[in-house]
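I have placed the structure first, in the form of structure tokens, so that the comments after it can refer back to it.
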Amino acid sequence: MSFLQSRSRLVKLCVVSGAVTLVTFMVYYYTPVHKFKSYSSTIWLQNFTKGSQNVDEPQDLVTTMTATLIKMLQGSTDMKPHNVTADCNNIWNSCRPKNCSKYISQSPEKRIRDLLSPKLTLNDQDRQLISYLSYLIPENDVIFATATSSNHYDETQAMVHSLHTVVYPRVQNMSIVLLDLGLTQEQRQKTEKSCRCQVISFPSDKVPSYFKELGFCAWKPVLIMACMMKARKSVVYQDASIYWKDTIVDFLDRGDKLGLQIWGGVGMHNIPVTTLKGTFDYFGEEPCAYLNYTSLQAGINVFKQTPFVVRTILEPWAKCALEPDCICPGCTKNHLNCFKPKKEIHMCHRFDQSVLSVITTKLFSYERYRFHMPGSDADDGRYVTINRGQKKPNYFN
């Protein structure tokens, strides 16, 4: 009788415990993101602006962000601007257009106001999606985010080997979040067992259909935003082709000092060549104003956890990813090909990369170079090596 009573109490305890866990998750999922301290722009601004009042008012937000932008652009830098000397007879590279009267605004306040516009601000549904994904991510100081699918499984093992041997011994209070975009069950099990990371799944049933085209990389800004909710200091995104050097700590320190690090190589196409016109239309920009700016690569970046970086870069980027007219304006897989014989503007589209290029160029204008990674003019840079063919097929065995 005593045994039966004990077992009955145990069953009741398990039921109650399970119910509490379920309710906790449902509260987390259905609570708007602005309720969470790690994301809330309002709370962040209160913490970072020494008690400024009414920081949630639009004009105060614009004023605060504009002041931050001006301060960032006045800081010292060891980077130098790229010289643009070619005219646009060679449309492939950055060039100076002869017949364009449009320019990126030189008013920091206007640039900030444009990026804080409602069409580039996450709505409650967007925030709930990001909150749901963030729920799966453990909190840490620095979060390295990446993603993989079954056809990149061997490259992923090589990338994780680099993280294990180079990053883990040198960086404290860090973790890896790996987004599963289509691993087989066996690959997933081996990865979870060996990667020393958090493997999460993307809620594909909660996003637009074009997210299923993995080459469009619409998932990337959303993943980075979700990781930022759990990062106390910064988020580092890397593709599977990135292999770290022992200068990793310097790289993180640089990102912490400047707020972000972006890969801006000299040899990249200019932005309008690799960006469809519909994306420029969504941002209210004229393509020719961006002809003398190179596209960025989005395979390696560091973003510091500050209200400015989140609100003026990551939130517009994530919002654009969730709007087909922004990240994917009438696009198809054919738009991924940027090596066509005919060279003209809008000849291809790089999706997440195109949008990040427009946002950061619009935000920083001709001083975007301040935030470029040193040595990012070649695949073998100061901090990383890019090797898209390197594999380590048995590392997780």
Side-chain angles (χ1 to χ4, degrees), residues 18 21-22 24-26 28-29 128-140 142-168 171 173-231 235-244 298-301 318 321-322 333 351-352 386-397:
T21 301
L22 177 61
T24 301
F25 173 79
M26 295 299 285
Y28 190 103
Y29 178 78
Q128 286 175 1
L129 165 67
I130 295 170
S131 175
Y132 171 81
L133 192 60
S134 178
Y135 178 81
L136 307 172
I137 300 170
E139 185 174 327
N140 214 324
V142 181
I143 297 178
F144 285 74
T146 188
T148 191
S149 54
S150 59
N151 59 328
H152 291 290
Y153 181 63
D154 290 346
E155 291 93 330
T156 299
Q157 293 181 76
M159 174 198 68
V160 171
H161 176 263
S162 172
L163 285 161
H164 286 176
T165 56
V166 179
V167 178
Y168 268 101
V171 182
N173 301 322
M174 58 81 65
S175 56
I176 306 170
V177 173
L178 191 150
L179 180 64
D180 177 2
L181 294 172
L183 294 172
T184 66
Q185 184 176 359
E186 180 183 6
Q187 289 171 341
R188 171 87 179 232
Q189 290 174 347
K190 288 183 177 180
T191 302
E192 290 179 326
K193 181 180 179 180
S194 304
C195 75
R196 292 155 62 189
C197 67
Q198 183 74 16
V199 183
I200 63 175
S201 298
F202 201 82
S204 56
D205 59 326
K206 302 180 185 298
V207 292
S209 59
Y210 57 84
F211 272 70
K212 296 178 182 178
E213 295 290 347
L214 301 185
F216 293 179
C217 293
W219 46 266
K220 187 185 296 184
V222 177
L223 169 65
I224 293 172
M225 192 68 162
C227 288
M228 186 59 79
M229 288 178 62
K230 292 299 186 69
V235 172
V236 180
Y237 176 82
Q238 65 169 98
D239 284 342
S241 59
I242 300 299
Y243 302 93
W244 292 100
I300 172 68
N301 296 288
L322 293 164
K333 287 183 179 179
F351 303 92
D352 65 307
I386 300 179
N387 188 338
R388 294 176 176 83
Q390 187 165 327
K391 300 180 180 181
K392 210 168 185 65
N394 298 312
Y395 186 60
F396 289 164
N397 289 343

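These numbers come from a predicted model, not from an experiment.
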Next item on the list: Using a 4.5 Å cut-off on heavy atoms from C-beta on, say whether the side chain of L133 contacts that of V222.
Entry: yes
Next item on the list: Mind listing the closest non-hydrogen atom pair of A321 and A218 along with its distance?
Entry: CB-O, 3.4 Å
Note to self: Run V177 and T146 through side chain to side chain contact (heavy atoms under 4.5 Å, CB included) and show every step you take.
What the structure shows: CA-CA 6 Å; V177 173; T146 188; over 6 Å; no
Checklist line | Check: I176 and C195 side chains under 4.5 Å, non-hydrogen atoms | finding: no
Item checked: Interatomic spacing from NZ in K193 to CG in N397 - rounded to 0.5 Å -> 9.5 Å
Item checked: Heavy-atom donor-acceptor pair, K220 side chain to A298 backbone, under 3.5 Å -> yes
Check: Can you find a heavy atom in the side chain of K190 that is under 4.5 Å from one in the side chain of Y153?
Finding: yes
Check: Sub-3.5 Å donor-acceptor pair from the side chain of Y132 to the main-chain atoms of K206, do we have one?
Finding: no
Item checked: Distance, nearest 0.5 Å, that separates CG of L178 from OG1 of T148 -> 6.0 Å
Notebook entry, point to check: Does the side chain of L163 come within less than 4.5 Å of Q238's, by heavy atoms?
Noted result: yes
Check: Between OG of S149 and CD of E155, what distance do you get to the nearest 0.5 Å?
Finding: 9.0 Å
Item checked: Spatial distance of atom OG (S175) from atom CD1 (I137) [nearest 0.5 Å] -> 9.0 Å
Next item on the list: Could you check if a side-chain atom of Y243 sits within less than 4.5 angstrom of a side-chain atom of V166, using non-hydrogen atoms only?
Entry: no
Margin query: Working note: S204 + F211, criterion side chain to side chain contact (heavy atoms under 4.5 Å, CB included); need CA distance, chi angles, decisive distance, verdict.
Written below: CA-CA 7 Å; S204 56; F211 272 70; over 6 Å; no
Next item on the list: For side chain to side chain contact (heavy atoms under 4.5 Å, CB included), just list the numbers for V236 and W244, CA-CA rounded to whole Å, side-chain angles, deciding distance to a tenth of an Å, and then say yes or no.
Entry: CA-CA 12 Å; V236 180; W244 292 100; 3.9 Å; yes
Item checked: pair V160-S162: side-chain heavy atoms closer than 4.5 Å -> no
Checklist line | Minimal non-hydrogen separation, S201 against R188, with atom names | finding: OG-NH1, 2.7 Å
Next item on the list: Hey, could you give me the CD/OG distance between E186 and S150, rounded to the nearest 0.5 Å?
Entry: 12.0 Å
Next item on the list: Drop me the distance from M229's CE to E139's CD, to the nearest 0.5 angstrom.
Entry: 10.5 Å
Checklist line | Chi angles and distances behind the side chain to side chain contact (heavy atoms under 4.5 Å, CB included) call for I200, L223 | finding: CA-CA 10 Å; I200 63 175; L223 169 65; 4.2 Å; yes
Note to self: Which heavy atom of L181 sits nearest to which heavy atom of A147, and what is that distance?
What the structure shows: CD1-CB, 3.7 Å
Next item on the list: For P138 and K230, work out which heavy atoms get closest and say how close.
Entry: O-CB, 3.9 Å
Notebook entry, point to check: Where do Y168 and R196 come nearest, in terms of heavy atoms and distance?
Noted result: OH-O, 2.6 Å
Margin query: Apply side chain to side chain donor-acceptor pair (under 3.5 Å) to residues D239 and S241 and explain how you reach the verdict.
Written below: CA-CA 5 Å; D239 284 342; S241 59; 5.0 Å; no
Margin query: Under a 3.5 Å distance rule, please check whether Q187 uses its side chain to pair with a backbone N or O of T184 as donor and acceptor.
Written below: yes
Next item on the list: Fit a plane to each ring of Y395 and H164, take the angle between them on a 0 to 90° scale, and name the class: parallel (under 30°), tilted (30 to 60°) or perpendicular (over 60°).
Entry: tilted
Notebook entry, point to check: Okay, side chain of T156, backbone of H152: is any donor-acceptor separation there less than 3.5 Å?
Noted result: yes
Next item on the list: Write down the atom of C227, the atom of I143, and the distance for their closest heavy-atom approach.
Entry: O-CD1, 3.5 Å
